[in-house]
Amino acid sequence: QVQLVESGGGLVQPGGSLRLSCEANRNILSFAAMGWYRQGPGKEREFVAGGYGDSAAYADLVKGRFTISRDNAKNTVFLQMNSLKPEDTSVYYCYAERLGTRYWGQGKQVTISS
């Protein structure tokens with residue numbers, strides 16, 4: 001059974017930075033892809049960033065500010081979020097895909113406010 005545990009959410013001022021972590025209970029190289037979606041209040045869930053092998057993709061709204069990375073030995077994927085804006089306020093959900101199935105983390109609140 002795949003489990004994804006997220007950490008690193010919280011409150012930060014506009015222009016600040018946060019790093020999210022997503023730890024899997026198995027070798028992350030067994031996943032075809034890992035990354036994050038987010039869902040703001042009253043909004044639909046939207047793609048943020050994803051890693052596919054050694055490549056990465058980003059939503060236009062976060063490109064240049066967010067960076068996805070991984071530590072294979074720790075079975076963990078990271079999302080470094082810089083230059084945060086109030087509109088980045090959302091619950092961020094980690095995801096992983098394997099054998100045609102998508103798995104989700106529990107979600108972490110990220111709030112950007114003065």
Side-chain angles (χ1 to χ4, degrees):
Q1 186 175 15
V2 172
Q3 292 182 332
L4 305 174
V5 179
E6 299 181 50
S7 61
L11 174 67
V12 67
Q13 294 182 336
S17 298
L18 281 175
R19 188 175 73 163
L20 299 177
S21 299
C22 178
E23 183 176 5
N25 64 343
R26 63 177 61 201
N27 189 341
I28 61 173
L29 295 177
S30 69
F31 296 108
M34 293 188 71
W36 277 267
Y37 282 66
R38 68 186 184 186
Q39 187 168 16
K43 304 294 185 180
E44 296 182 352
R45 189 171 296 188
E46 64 179 358
F47 174 78
V48 176
Y52 303 83
D54 291 328
S55 300
Y58 300 92
D60 288 342
L61 288 172
V62 308
K63 193 170 186 177
R65 300 188 296 121
F66 292 11
T67 304
I68 190 170
S69 62
R70 69 186 183 192
D71 187 332
N72 294 334
K74 296 181 179 180
N75 295 330
T76 301
V77 173
F78 305 96
L79 184 67
Q80 180 67 45
M81 303 183 291
N82 299 326
S83 302
L84 285 162
K85 305 174 181 179
E87 52 263 42
D88 294 319
T89 295
S90 296
V91 177
Y92 284 72
Y93 295 91
C94 175
Y95 76 90
E97 296 176 357
R98 181 177 181 269
L99 301 177
T101 300
R102 175 168 288 184
Y103 304 91
W104 295 97
Q106 79 277 18
K108 296 296 288 188
Q109 178 68 47
V110 173
T111 302
I112 317 302
S113 180
S114 299

Please collect all salt bridge (Lys or Arg N to Asp or Glu O under 4.0 Å) contacts where either partner lies in residues 9-30, sequence neighbours excluded, each pair once.
-> none
Hey, what do you get for CD (Gln109) to CD (Glu6), rounding to the nearest 0.5 Å?
-> 11.5 Å
Separation between OG of Ser83 and CZ of Phe66, rounded to the nearest 0.5 Å | 9.0 Å
Going hydrophobic residue to hydrophobic residue with side-chain gaps under 4.5 angstrom, can you get from Leu61 over to Tyr93?
-> no
Nearest heavy-atom contact between Leu79 and Ala49 is CD1-CB, 4.0 Å
Atom of Met34, atom of Val77 and distance for their closest heavy-atom approach | SD-CG2, 3.6 Å
Which pair of non-hydrogen atoms, one from Asn27 and one from Ser30, has the smallest distance, and what is that distance?
-> O-OG, 2.6 Å
State whether the side chain of Thr89 and the backbone N or O of Ile112 hold a donor-acceptor pair below 3.5 Å, judged by distance alone.
-> yes
OH of Tyr103 to CZ of Phe31: how many Å apart, nearest 0.5 Å?
-> 7.5 Å
Would you say the side chain of Leu11 lies within less than 4.5 Å of the side chain of Ser113, judging by non-hydrogen atoms?
-> yes
Closest heavy-atom contact between Trp36 and Ser21?
-> CZ2-C, 4.1 Å
Does Leu4 belong to the same Ile/Leu/Val/Met/Phe/Trp/Tyr cluster as Phe78, with side-chain heavy atoms less than 4.5 Å apart forming each link?
-> no
Pairs flagged by salt bridge (Lys or Arg N to Asp or Glu O under 4.0 Å) wherever residues 54-64 is involved - sequence neighbours left out | Asp54-Arg70
With Tyr37, which residues qualify under ring pair (Phe, Tyr, Trp, His ring centres under 6.0 Å), at least two apart?
-> Phe47, Tyr95, Trp104
What closest approach, in Å, do Ala56 and Ile68 show between heavy atoms, and which atom pair accounts for it?
-> CB-CG2, 3.6 Å
Kindly determine whether Ser69 and Gln80 satisfy side chain to side chain contact (heavy atoms under 4.5 Å, CB included), including the steps that lead there.
-> CA-CA 8 Å; Ser69 62; Gln80 180 67 45; over 6 Å; no
Interatomic spacing from NZ in Lys108 to CG in Leu20 - rounded to 0.5 Å = 9.0 Å
Rounded to the nearest 0.5 Å, how far apart are CD of Glu46 and OG of Ser90?
-> 6.5 Å
Under the side-chain hydrogen bond (donor to acceptor under 3.5 Å, both in side chains) test, which residues partner Glu97, sequence neighbours left out?
-> Arg102
Evaluation steps, side chain to side chain contact (heavy atoms under 4.5 Å, CB included), between Met81 and Val12 | CA-CA 11 Å; Met81 303 183 291; Val12 67; over 6 Å; no
CZ on Arg98 to CD1 on Ile28, rounded to 0.5 Å | 13.5 Å
Which hydrophobic side chains are connected to Val5, either touching it within the sub-4.5 Å cutoff or through other members that do?
-> none
Any pair counted as salt bridge (Lys or Arg N to Asp or Glu O under 4.0 Å), so long as it reaches residues 86-95, sequence neighbours left out | Arg38-Asp88, Arg65-Asp88
